[in-house]
Amino acid sequence: MNAFAHAGFWPVIPLIWGLFWVAVVAFGLWAWRTKGSGGRTHASATASAEQILAERYARGEMSDDEYFEKMSVLKGAAS
């Protein structure tokens, strides 16, 4: 059998390896960007602010009107 009989498949192998390494680099960049944000999202920051407001309200540092006004501002910012 001729050594060049299966030469038609050979050019596909570098293409597959190239796509593999593009995927590895893309995954690395995605992981780096995700880690760079600290894993904190806007929703978690809003939840933290709501918790602080609830604690201040429970301690009596703000009135009902102040509490509900600030919560509505936070809920509007989260949308």
Side-chain angles (χ1 to χ4, degrees):
M1 182 167 219
N2 189 348
F4 296 104
H6 298 288
F9 184 69
W10 183 84
V12 176
I13 294 172
L15 179 64
I16 291 171
W17 273 108
L19 291 174
F20 170 76
W21 286 111
V22 166
V24 167
V25 169
F27 177 75
L29 289 173
W30 172 79
W32 178 65
R33 288 189 63 168
T34 303
K35 182 181 176 188
S37 68
R40 295 198 64 174
T41 62
H42 181 71
S44 66
T46 302
S48 175
E50 290 175 3
Q51 179 67 31
I52 292 169
L53 278 178
E55 290 171 3
R56 290 184 61 202
Y57 178 70
R59 287 192 299 261
E61 295 178 8
M62 59 178 62
S63 68
D64 294 344
D65 293 335
E66 287 176 304
Y67 174 74
F68 290 117
E69 178 184 344
K70 292 178 189 298
M71 285 297 283
S72 68
V73 169
L74 283 175
K75 295 289 185 184
S79 300

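Numbering of residues begins at 1 and proceeds along the displayed sequence.
Using cut-offs of 30° and 60° on the angle between ring planes, the pair W17 and F20 is perpendicular.
With sequence neighbours excluded, no residue satisfies ring-ring contact (aromatic ring centres under 6.0 Å, His included) with F68.
Residues S63 and E66 come closest through the heavy atom pair N-OE1, 2.8 Å.
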Inset, instruction - Carefully, step by step, assess E61 and E55 under the rule side chain to side chain contact (heavy atoms under 4.5 Å, CB included). - result: CA-CA 9 Å; E61 295 178 8; E55 290 171 3; over 6 Å; no
Inset, instruction - May I have the step-by-step check of side chain to side chain contact (heavy atoms under 4.5 Å, CB included) for V24 and W21, ending in yes or no? - result: CA-CA 5 Å; V24 167; W21 286 111; 4.0 Å; yes
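K75 is listed as a side-chain neighbour of E50, based on a closest heavy-atom distance under 4.5 Å. Between L53 and Y57 there is no side-chain heavy-atom pair separated by less than 4.5 Å.
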